[in-house]
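Sequential numbering from 1 along the given sequence is applied to the chain's residues. One-based numbering, in listed order, for ligands and for the atoms of each.
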Amino acid sequence: MTSVVTDSPFVRACRGLDVPHTPVWFMRQAGRSLPEYRKIREGIGMLDSCRRPDLVTEITLQPVRRHHVDAAILFSDIVVPIAAAGIDLDIVAGTGPVVAQPIRAESDLDRLRPITAGDVGFVAEAVRLLVGELGPTPLIGFAGAPFTLASYLIEGGPSRTYLKTKAMMYGAPALWSALLSRLADITLAFLRTQIDAGVSAVQLFDSWAGALSEADYREHVLPHSARVLQGLAAAGVPRIHFGVGTGHLLRVMGEAGADVVGVDWRTPLDQATQVVGPGRSLQGNLDPAILFAGWDVVRREADRVLEQGKAAPGHVFNLGHGVLPETDPDMLTRLVAHVHEASAR
Ligand code: CP3
């Protein structure tokens with residue numbers, strides 16, 4: 001990583017250092033809110049596009065060019081490494097990941113083998129191309145956390161209740177632990193590949209961990225996510241840990257080994273920093289739905305988020321979850337300019 005990137009507002013805010021302005025990027029900034037994205041993806045499946053470094057590079061760069069965000073996030077998906085590990089799955093438009101044969105028994109584990117850097121060489125190639133193109137702008141790598149990945153593998157697709165996932169967690173703890181342990185190995189290998197290829201930070205998405213109580217998270221999930229995050233400590237890049245509806249888990253998600261805790265819109269950042277404690281920055285947390293309420297509301301709410309973010313050791317401005325496909329991209333461009341202007345020191 002060049003010193004320009006390590007000194008970028010994004011990396012500095014992750015580390016709790018002073019910044020010229022609050023950095024901003026958006027989860028799902030690369031994707032369906034952009035007409036240039038819809039155009040380039042025409043007739044190409046989601047997983048196929050993730051496997052083409054030229055396309056990944058172009059799609060990752062699109063929101064950086066358009067919005068002037070402070071960081072790029074690699075265009076990929078959380079299920080890319082589990083597909084590379086041998087699981088037959090597809091990403092269905094409007095639905096999400098769908099797994100052909102869900103994992104329900106010990107004998108199913110054999111279909112989930114460990115991955116090596118060679119299995120995801122296309123990701124390393126895309127990262128190398130991107131680092132060259134991005135210059136001073138940091139690139140964020142990412143992976144799904146073991147719990148969120150397990151939920152897709154066990155349910156077979158998206159779920160509201162996580163019924164089968166929780167049934168395995170409570171009813172078959174040995175199988176659960178074996179599955180999450182395999183997923184932690186895959187996630188760690190996937191993130192190490194991205195770091196070796198040059199990403200400047202990583203985000204671990206445990207999007208659906210909010211479905212668990214703190215006690216269950218500590219017992220059944222924390223050991224595996226902690227092994228991933230702590231396994232990256234020596235790499236020296238900031239580690240962001242994010243989930244939705246995780247107000248009650250913010251402390252433990254920090255303890256798992258995060259430098260930055262991602263917060264959804266339900267918890268104000270000044271409260272979140274009290275819970276997370278000193279030494280960790282925060283990322284978040286404008287409700288993505290606010291972008292549909294008109295500019296005056298967006299500006300007022302962005303100012304509130306900036307104000308509340310001052311309580312944290314470092315603040316990376318983001319939405320509380322991903323950009324919704326119907327979002328007007330001009331709203332995002334305007335929001336970036338406003339965050340930069342309003343937070344200029
Ligand atoms: O801009 C970015 O943030 C980078 C790209 C990115 C995608 N998926 C691209 C994508 C990232 C970081 C993800 C992570 C991801 N994927 C998560 C964690 C983030 C979160 O939302 O909590 C999860 C849970 C998934 C699984 C997944 N993949 C879902 C729920 C969906 C949406 C299904 C749909 O079509 O509504 C996907 C598909 C997906 N991943 C799309 C994109 C751009 C849409 C597919 C398309 O454009 O055809």
Using a 4.0 Å cutoff against the non-hydrogen atoms of L74, which atoms of ligand 1 qualify? 4 (C), 5 (C)
Contact with ligand 1 for G322, non-hydrogen, under 4.0 angstrom: no
Proximity of A93 to ligand 1 by residue part, where a heavy atom lies under 4.0 Å: backbone
What residues, two or more places apart in sequence or in another chain, satisfy ring pair (Phe, Tyr, Trp, His ring centres under 6.0 Å) together with H338? W295
Indicate yes or no: at least one non-hydrogen side-chain atom of W208 is less than 4.5 angstrom from one of T165. no
Quick test: of every protein heavy atom, which one is nearest to atom 19 (C) of ligand 1, and how far off is it to 0.1 Å? F205 CD2, 3.3 Å
Side-chain heavy-atom pair F147, H224 within 4.5 angstrom cut-off: no
In terms of side-chain heavy atoms, does R345 have a donor or acceptor partner in T22 at a distance below 3.5 Å? yes
Is it true that a side-chain atom of R239 and a backbone atom of G257 form a donor plus acceptor pair closer than 3.5 Å? yes
Is R66 salt-bridged to E36, going by a charged N under 4.0 Å from an acidic O? yes
Lys/Arg N to Asp/Glu carboxylate O, R299 vs E341, below 4.0 Å: no
How about H67 and P329: do any of their side-chain heavy atoms sit closer than 4.5 Å? yes
Do the side chains of E307 and R304 get close enough for a salt bridge, i.e. N-O under 4.0 angstrom? no
Tell me which protein heavy atom sits closest to atom 35 (O) of ligand 1, plus the residue, atom name and distance to 0.1 Å. G94 N, 2.8 Å
Which one of G31, P63, S49, S76 has a non-hydrogen atom at the shortest distance from atom 9 (C) of ligand 1? S76
Shortest non-hydrogen contact between N285 and T267, atoms and distance: ND2-O, 2.7 Å
Taking both backbone and side-chain atoms of D77, is any N or O found less than 3.5 Å from an N or O belonging to ligand 1? yes
How far is atom 38 (C) of ligand 1 from its nearest protein heavy atom, and which residue and atom is that? I91 CG2, 3.4 Å
S181 vs R227 side-chain heavy atoms within contact, under 4.5 Å: yes
Would you tell me which option among M27, Q62, R32, R28 has the nearest heavy-atom contact to atom 31 (C) of ligand 1? R28
Considering only the protein, which heavy-atom contact is closest to atom 20 (C) of ligand 1, and what is its distance? H321 NE2, 3.1 Å
F75 neighbourhood, listing ligand 1 atoms whose heavy-atom distance to it stays under 4.0 Å: 43 (C)
Can you tell me which portion of T148 lies within the under-4.0 Å heavy-atom range of ligand 1? Options are side chain, backbone, both, or neither. neither
Which residue and non-hydrogen atom of the protein lie closest to atom 18 (C) of ligand 1, and at what distance in Å? S207 OG, 3.2 Å
Are L129 and V123 connected, step by step, through hydrophobic side chains (Ile, Leu, Val, Met, Phe, Trp, Tyr) whose heavy atoms are closer than 4.5 Å? no
Quick one: which of R38, Q203, M46 has a heavy atom closest to atom 10 (C) of ligand 1? M46
Is the shortest N/O to N/O distance between F242 and ligand 1 below 3.5 Å? no
Any N/O pair P97/ligand 1 closer than 3.5 Å: no
Should the ring pair F205 and F142 be called parallel, tilted or perpendicular, given that the plane angle runs from 0 to 90° and is split at 30 and 60? perpendicular
Heavy-atom nearest neighbour of atom 43 (C) of ligand 1 within options W25, Y152, Y37, F142: Y37
Which ligand 1 atoms are under 4.0 Å away from a heavy-atom of R41? 46 (C), 47 (O), 48 (O)
Note the single closest protein heavy atom to atom 1 (O) of ligand 1, along with its residue, its atom name and the distance in Å. A30 N, 2.9 Å
Taking atom 23 (C) of ligand 1 as the reference point, the nearest protein heavy atom with its distance: I78 CD1, 3.5 Å
Near G96, which atoms of ligand 1 are under 4.0 Å from a heavy atom of that residue? 31 (C), 33 (C)
